[in-house]
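Report on the following structure.
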Amino acid sequence: MSLDPAPLRSAPWWQGACLYEVYVRSFADSDGDGEGDLPGLIARLDYLASLNIDGLWLTPIFPSPMHDSGYDVSNYRAVDPRFGNLGDFAALIEAAHARGLRIVLDQVYSHSSDQHPWFIESASSRDNPKADWYVWADAAPDGTAPNNWMGRFGGTAWEWSSVRRQYYLHNFLTQQPDLNLHNPEVQDEVLDIMRFWLDMGVDGLRLDVANFFMHDPLLRSNPPVQVSELPANPYYLQSHVYDRSRPENLPFLTQMRAVADNLGDRMLLAEISCDHQVERMAEYTTNGRLHSAYSFELLQSRLDGTHIAESVIAAGAEGAWPTWAFSNHDVPRVASRWKAEGNADRIQLFQAMLLCLRGTIILYQGEELGLPHSDVPHERLQDPEAIRFWPRHRGRDGARTPMPWQPDGPALGFSSRDGWLPAEAGHAALAVSEQDADPTSILNHCRRLMALRKQEPALQLGTFELIHADIGSLIFRRRRGTTSLLCAFNFSDQVIAVDTAGTVLAGAVTAGYLAPNRYVVVKESG
C-alpha cells in the first residue's frame with residue numbers, strides 16, 4: 001500500500017515526531033581516524049531520510065577531553081576538531097533541512113569539564129569573578145565532605161581543592177564539576193548558549209540530566225533507602241531528595257522555554273533520571289515549562305504491558321507531552337534487554353509497539369537493524385562507569401559500538417580502520433548493506449512502520465485508550481477525529497484473542513487470534 005509521507009498537521013513539528021538518535025562518535029567516520037564525524041554523518045543523510053524519520057538527535061559534538069565521551073564540555077560554542085568544525089555543522093543543518101530532517105542537539109548544562117575556562121577560573125580563588133559559578137562548600141569540622149551525597153559513578157560527590165580549600169560538587173565524574181545554576185549569571189550564560197545554537201538553525205535541544213540542574217541550597221544530606229541486596233554502586237543506597245529533582249529547578253525551565261519559543265517552532269527535550277521519573281516527565285512538560293521529556297522508564301529490563309500502559313497514561317497527564325525510547329546510548333539494546341536476539345518477529349513487534357505509543361518517539365541508531373547489545377572486551381572499555389564497576393556492571397560501551405554499514409572490513413564500514421570501540425562481529429549479518437534490498441528485512445519493516453506513523457495522524461497525535469494490558473500483552477486504541485486504530489501486541493508465549501474489524505495496516509492477525517511475538521495495527525470500521 002502506498003503511504004503519503006506528509007499528511008497535514010495541526011501541531012508543532014516535534015509533537016508525534018520520530019527522532020533518530022545519532023551517537024556521532026560511532027555513526028560514520030569520513031577521515032579514517034576511527035571516530036565518527038560530521039562529514040561522515042552528512043554523507044549518510046540519504047540513508048537516514050530513507051527511514052522516514054522526522055529528525056536527528058545528535059549526541060554532544062563540543063570540545064571535550066572525553067572523560068565521559070563528550071558529556072564533559074570544555075567549550076559550549078564550538079565543535080570538537082575530531083568531529084569537524086562550525087562550518088561542517090552549518091553544512092549539516094542545511095543538508096538535513098533540504099531533506100526535511102530536523103536537528104536536535106544535545107546540551108549539557110548540569111556540569112562542565114574541569115578543563116573549561118570557567119572552572120579553571122572558579123577554582124583559582126574564592127573571590128574571582130566566577131568564584132560562584134560552580135558549587136563550592138566548606139569541609140565539615142572533621143575535614144570530611146559537606147554532606148553524604150554520592151556520585152553516579154561511585155564514591156562521594158565532592159572533591160577537595162587544595163587551592164580554594166573547599167570541596168566542589170560533581171554528581172558524575174570528578175572531571176565534571178557541577179555548574180551552580182542558582183547563580184543568575186550562570187543562568188544567563190546558559191540561556192545565551194541556547195540562543196547561539198538555536199540561531200544557527202538548530203530545531204531543538206536535548207537537555208542532558210535536566211532534573212540535576214539545581215541542588216538543595218542548604219546542602220542537606222540524603223536519607224538512606226532500604227535494599228534487599230547491596231548494589232554494585234552505593235549511589236543507589238540513598239533517596240536522592242536533595243541532590244536532584246529539586247523544586248528550585250522549575251522556574252528556570254520556564255525561562256528556557258521562553259527563550260526557545262521566542263525563536264520560533266523549536267523543541268526543548270529533557271532527559272529525566274530519578275526515582276519517580278514518569279511523574280517528573282509530566283511535571284517538567286506542563287505549566288509553560290519544557291516541550292517534552294523522556295526518561296529511563298521504558299529503558300529498563302522490565303517488559304510488562306501493564307507497566308508500559310500506566311507509564312504512557314501518567315506521563316501524558318494534564319496536557320503533558322512525553323517522549324519514548326526503548327534503547328539509547330546509556331542502556332543495553334532492546335533486542336538483548338527484552339530477549340529478542342535472533343528473533344526477527346519479536347524485534348519487529350518491539351519496533352511497532354514503540355512507534356504506536358502516544359508521544360514523540362526516539363529510535364536509537366541501529367535499532368532499525370535489530371542490533372543486539374555488543375560484548376566489549378575489558379581491555380577495550382572506554383566507559384568510566386564500566387571500568388569502575390566491572391564485572392558486576394558492564395557499563396554503556398556495548399550500546400555505543402560502531403554502526404555496521406557492511407559485513408566486512410575492520411569496522412564493518414564505519415571506518416577504514418579499527419574504531420574507537422571495536423565493531424561487534426555479531427552485527428555483520430545485520431549490516432545496512434545486507435538488509436537494504438531485502439523487502440522482508442528488519443530494516444525495511446521499520447521503514448514501513450515509520451511511513452505508516454507519518455501517514456496516520458492518529459498515530460502521531462491521537463488519544464491513547466487502553467483496552468487490555470498484562471505482563472505479556474498490550475492492546476490500545478489511538479483515535480483522532482473519525483479515525484480509530486486498534487494496536488495489539490503479544491510478547492507472551494501464548495496465543496491471545498483480539499477483537500478486530502477493519503483494515504489491517506501492519507502486522508497480521510488470524511481469525512481473531514494473535515500469535516506469540518506478533519502484532520497488528522487495524523484501522524477500525526465505522
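Atom CD of E94 sits in a sparse spot, with 12 or fewer heavy atoms from other residues, nucleotides or ligands closer than 6.0 Å. Atom CG of L86 has more than 12 neighbouring heavy atoms from other residues, nucleotides or ligands inside a 6.0 Å radius.
The backbone N or O of Q365 lies less than 3.5 Å from no partner atom in the side chain of E367, so there is not a single donor-acceptor pair. Between the side chain of D37 and the backbone N or O of S30, at least one donor-acceptor pair lies under 3.5 Å. Looking only at distances, a side-chain donor or acceptor of R337 sits under 3.5 Å from a matching main-chain atom of P332. A donor-acceptor contact shorter than 3.5 Å links the side chain of S441 to the backbone of Q435. Within the 3.5 Å criterion, the main-chain N or O of Y235 finds a donor-acceptor partner in the side chain of H240. Here the side chain of D88 pairs no donor or acceptor atom with the backbone of P39 at under 3.5 angstrom. For D208 (side chain) and Y109 (main-chain N/O), no donor-acceptor pair under 3.5 Å exists by modelled atom type. A distance-only check finds a donor-acceptor pair linking the side chain of N52 to the backbone of R447 [under 3.5 Å]. The main-chain N or O of V135 is never found under 3.5 Å from a side-chain atom of D178 such that the two would form a donor-acceptor pair. In this structure, the side chain of W405 engages the main chain of F27 through a donor-acceptor pair within 3.5 Å.
Annotation: side chain of M267 is in contact with side chain of T360 (closest heavy-atom distance under 4.5 Å). L459 is not listed as a side-chain neighbour of L355, based on a closest heavy-atom distance of 4.5 Å or more. Between M353 and I308 there is a side-chain heavy-atom pair separated by less than 4.5 Å. Proximity of V334 to Y364: side-chain heavy atoms (C-beta onward) are nowhere separated by under 4.5 Å. Residues C446 and L363 form a side-chain contact, since some pair of their non-hydrogen atoms from C-beta on lies under 4.5 Å apart. Between W14 and V104, the closest side-chain pair of non-hydrogen atoms is not below 4.5 Å. The closest side-chain heavy-atom distance from F350 to F489 is not below 4.5 Å. In this structure the side chain of L207 reaches within 4.5 angstrom of the side chain of M256, judged on heavy atoms.
Taken to the nearest 0.5 Å, the CD1 atom of I471 stands 10.5 Å off from the OG atom of S492. Atom CG of residue L269 and atom CD of residue Q107 lie 12.0 Å apart, to the nearest 0.5 angstrom. Atom CE of residue M66 and atom CG of residue D80 lie 5.0 Å apart, to the nearest 0.5 angstrom. For the atom pair CG (L349) and OH (Y519), the distance works out to 8.0 Å, reported to the nearest 0.5 Å. Rounding to the nearest 0.5 Å places CG of D106 at 6.5 Å from NE2 of H329. Taken to the nearest 0.5 Å, the CG atom of L298 stands 9.0 Å off from the CD atom of Q277.
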Applying side-chain hydrogen bond (donor to acceptor under 3.5 Å, both in side chains) to Q175 and H170, what does each step give before you reach the verdict?
CA-CA 8 Å; Q175 297 92 345; H170 60 91; over 6 Å; no

Taking it one step at a time, do L449 and V521 satisfy side chain to side chain contact (heavy atoms under 4.5 Å, CB included)?
CA-CA 10 Å; L449 282 173; V521 178; 5.7 Å; no

Can I193 and R77 be said to form a side chain to side chain contact (heavy atoms under 4.5 Å, CB included), step by step?
CA-CA 7 Å; I193 293 166; R77 291 180 171 86; 3.7 Å; yes

The test is ring pair (Phe, Tyr, Trp, His ring centres under 6.0 Å); show your working for W338 and F491 and say whether it passes.
CA-CA 10 Å; W338 285 354; F491 36 92; 7.7 Å; no

Could you go through E424 and T401, starting from their C-alpha distance and side-chain angles, then the distance that decides it, and tell me whether this counts as side-chain hydrogen bond (donor to acceptor under 3.5 Å, both in side chains)?
CA-CA 7 Å; E424 172 58 52; T401 53; 6.0 Å; no

Take W57 and I362 through the side chain to side chain contact (heavy atoms under 4.5 Å, CB included) test and state the conclusion after the steps.
CA-CA 8 Å; W57 153 28; I362 297 174; 3.9 Å; yes

Trace of the side chain to side chain contact (heavy atoms under 4.5 Å, CB included) decision for F414 with L421
CA-CA 11 Å; F414 158 72; L421 284 173; over 6 Å; no

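L51 approaches M450 most closely through the heavy-atom pair O-CE, 3.0 Å. Across all non-hydrogen atoms, the minimal contact from S69 to Y23 is OG-OH, 2.6 Å. Here the closest heavy-atom approach between residue L181 and residue V186 is recorded as CD2-CG1, 3.8 Å. The minimum heavy-atom distance between K339 and R346, with the atom names listed, is O-NE, 3.0 Å. In this structure, E385 and R152 approach most closely via the heavy-atom pair OE2-O, 4.5 Å. Of all the heavy atoms in P439 and N444, the pair that sits closest is O-CB, 3.9 Å.
One finds no salt bridge joining D54 and R453 here, because no Lys/Arg side-chain nitrogen approaches an Asp/Glu carboxylate oxygen to under 4.0 Å. A salt bridge does not link D375 to R380: none of the charged side-chain nitrogens sits closer than 4.0 Å to a carboxylate oxygen. Checked for salt-bridge contact, D330 and R400 meet the test: a charged N lies under 4.0 Å from a carboxylate O.
A side-chain donor from one of S64 and D72 sits under 3.5 Å from a side-chain acceptor of the other. Judged by distance alone, the side chains of E297 and H307 do bring a donor and an acceptor atom under 3.5 Å apart. S122 and Y168 are not linked by any side-chain donor-acceptor pair at a separation below 3.5 angstrom, with hydrogens and angles left out of the test. Under the 3.5 Å distance criterion, with hydrogens and angles disregarded, a donor-acceptor pair is assigned to the side chains of S112 and Y134. Side chains of T174 and E159: no donor on one and acceptor on the other come within 3.5 Å. The closest side-chain donor-acceptor pair between E21 and N328, if any, does not fall under 3.5 angstrom.
Applying salt bridge (charged side-chain N to carboxylate O under 4.0 Å, His left out) to E271 and the options R206, R280, R244 leaves one that passes, R206. Residue L268 forms a side-chain contact (heavy atoms from CB on, under 4.5 Å) with just one option from L253, V259, T285, L205, and that option is L205.
In this structure, W118 and Y76 have parallel ring planes: the angle between them is below the 30° cut-off, well short of the 60° mark.
Judged by a 6.0 Å distance limit and a 45° cone about the ring axis, R82 is not positioned over the six-membered ring of W420.
The ring of H111 has its center no closer than 6.0 angstrom to the ring center of F153. Between F172 and Y71, the ring centre distance reaches or exceeds 6.0 Å.
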